[in-house]
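In this chain, residues are counted from 1 in sequence order.
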Amino acid sequence: MKTLPLGCGLGPSVKKMRVGTMLHEFIAENREEIIRRCRSKVETPSVPPSAPADQDHGAPAFLDQLIEALGGQLSSNAKIDDSATRHGRALQLQGFTVSQVVHDYGDVCQSITGLALERQVAIDVEDFRTLNRCLDDAIALAVTEFGRQRDQSSLEAESAREDERIGFLTHEIRNLLNTAGAAFDILKTGNVGVGGSTGAVLKRSLSRLSDLVNRSFAEVRLRQGVHHRVLIDVPAFIRDLAPAAAMEAAAHDLQLIVQPGEAGAIVHADRQILSAVVVNLLQNAFKFTRPHTTVVLRVKASADRVLLEVEDECGGLPDGNVDELFRAFEQRHADRTGLGLGLAFSSWGAEVNDGRISVRSLPGCGCVFTIDLPRVVASVVAIA
């Protein structure tokens, strides 16, 4: 009978190894010790740590199936396949990584071979091949199921976020339409004039509805990669946005101060997406700024950058990771109206135009959101 010193990368051959014990007999006789060693590897700090070894589809089950396979009692790998699949699924649900899935089976192999090496037990060549085949199959199936489960979890999470987004969107549209409809019904009676407060409510509701639709459309274009970039004179672009923004500020009992900067600050960007980004930041400022204060929209330019800043008087940002503000559905204020997508969209919109967005807090006063875009040099503008 041909025999091999136990390997799995575990060092040199052992002389005077005891021959005659079949591998399935060795595993059966030392089952508890092998499981103990697997568990000790879990408890020993490692990078990455292995998963718990005492699951019903973990080391104990795999050892029992190995015994059957090595003893010729397992006609197919169906049991190992099923156990490995369940093991990969369980580890993914528990938050382990794919490398930890592989480490689990590596721990079993090392525990078997290490113990055999210590006790000078040689392994039959065919048994060794069967062991490796079972390990390969189990690892492949566990990793495959791990990946499938991870993809499924990602799809479900994305679907849940999309459902939430649609729910918020329809809620916003319904509220705006209800307000506009109520205002229109009052105007129809003829008891109030269009130029009064009721007419202002109607105009404001329709304006907000238009902004919501435009922002949603810009978001769809952004997510689908549909961009139409042109040269934009930023000061002129800001002056175009100012009238509607000033009206929105007034509706919140705020004053909007616009500082468009000097002409000649040119960027190469998608006008609709950039407009949606700026409007998002302004609406965010109007939403959180204290009444009877100001919001400032300004443009600054250097030799190679153009900065669009929105400064509010919200009192400063709360403690925590500022970067989390730009995560989708992140809302940190008692006012939970809106989709929770505005700042996330603004970040995406800045990036698609080769820019970036940042925020700095002014404790006790407010905060400043900055869109930082590359400036187009004069020679390029002249050629265009």
If hydrophobic clusters are built by linking Ile, Leu, Val, Met, Phe, Trp and Tyr wherever their side-chain heavy atoms come under 4.5 Å apart, do [X] and [Y] end up in the same one?
| X | Y | result |
| --- | --- | --- |
| Phe286 | Val258 | yes |
| Val194 | Phe184 | no |
| Val277 | Leu241 | yes |
| Leu307 | Val296 | no |

Quick one: pull up [atom1] in [X] and [atom2] in [Y] and give me the separation to the nearest 0.5 Å.
| X | Y | atom1 | atom2 | result |
| --- | --- | --- | --- | --- |
| Leu308 | Phe237 | CG | CZ | 7.5 Å |
| Ile257 | Thr294 | CD1 | OG1 | 4.5 Å |
| His268 | Arg229 | NE2 | CZ | 5.5 Å |
| Ile238 | Gln259 | CD1 | CD | 11.5 Å |
| Ile34 | Ile112 | CD1 | CD1 | 5.0 Å |
| Leu281 | Gln283 | CG | CD | 10.0 Å |

**Report entry** Donor-acceptor side-chain pairing of Glu248 and Ser207 below 3.5 angstrom
**Finding:**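 No, Ser207 and Glu248 have no side-chain donor paired with an acceptor closer than 3.5 Å.
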
4.5 Å side-chain heavy-atom contact, [X] and [Y]:
| X | Y | answer |
| --- | --- | --- |
| Asp372 | Ile357 | no |
| Glu309 | Ile371 | no |
| Ser358 | Phe369 | no |
| Val306 | Val299 | yes |
| Val278 | Leu297 | yes |
| Val368 | Val359 | no |

Report task. Please name the residue in the list Val310, Asn284, Leu317 that meets the side chain to side chain contact (heavy atoms under 4.5 Å, CB included) test with Cys367. Result ->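 With Cys367 as partner, side chain to side chain contact (heavy atoms under 4.5 Å, CB included) holds for just one option, Leu317.
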
Between [X] (side chain) and [Y] (backbone), is there a donor-acceptor pair under 3.5 Å?
| X | Y | result |
| --- | --- | --- |
| Asp270 | His228 | yes |
| Thr189 | Ile186 | yes |
| Ser111 | Asp107 | yes |
| Arg298 | Glu311 | no |
| Asn353 | Gly349 | yes |

Query raised in the report: Yes or no on side chain to side chain contact (heavy atoms under 4.5 Å, CB included) for Asp354 and Leu373, after CA distance, side-chain angles and deciding distance?
Result: CA-CA 7 Å; Asp354 296 332; Leu373 298 169; over 6 Å; no

Looking only at heavy atoms, which two atoms of [X] and [Y] are closest? And how far apart?
| X | Y | answer |
| --- | --- | --- |
| Pro374 | Val267 | O-CG1, 3.7 Å |
| Arg271 | Ile232 | CA-CD1, 3.7 Å |
| Arg37 | Leu115 | NH2-CD1, 3.4 Å |
| Ser346 | Asn280 | OG-CB, 3.3 Å |
| Arg239 | Gly261 | NH1-O, 4.5 Å |
| Ala245 | Leu282 | CB-CD1, 3.8 Å |

Report task. Output yes when Arg356 and Glu351 qualify as a salt bridge under the 4.0 Å nitrogen-oxygen rule, no when they do not. Result ->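 Between Glu351 and Arg356 there is no salt bridge, as every charged N stays at least 4.0 Å from the carboxylate O atoms.
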
Requested in this report: Answer yes when Arg290 and Asp253 have at least one side-chain N-carboxylate O distance shorter than 4.0 Å, and no when they do not.
Outcome: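 Judged by the 4.0 Å cut-off on N to carboxylate O distance, Arg290 and Asp253 do not form a salt bridge.
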
**Report entry** Crowding at CD, Glu262 (>12 non-hydrogen neighbours, <6.0 Å)
**Finding:**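 No.
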
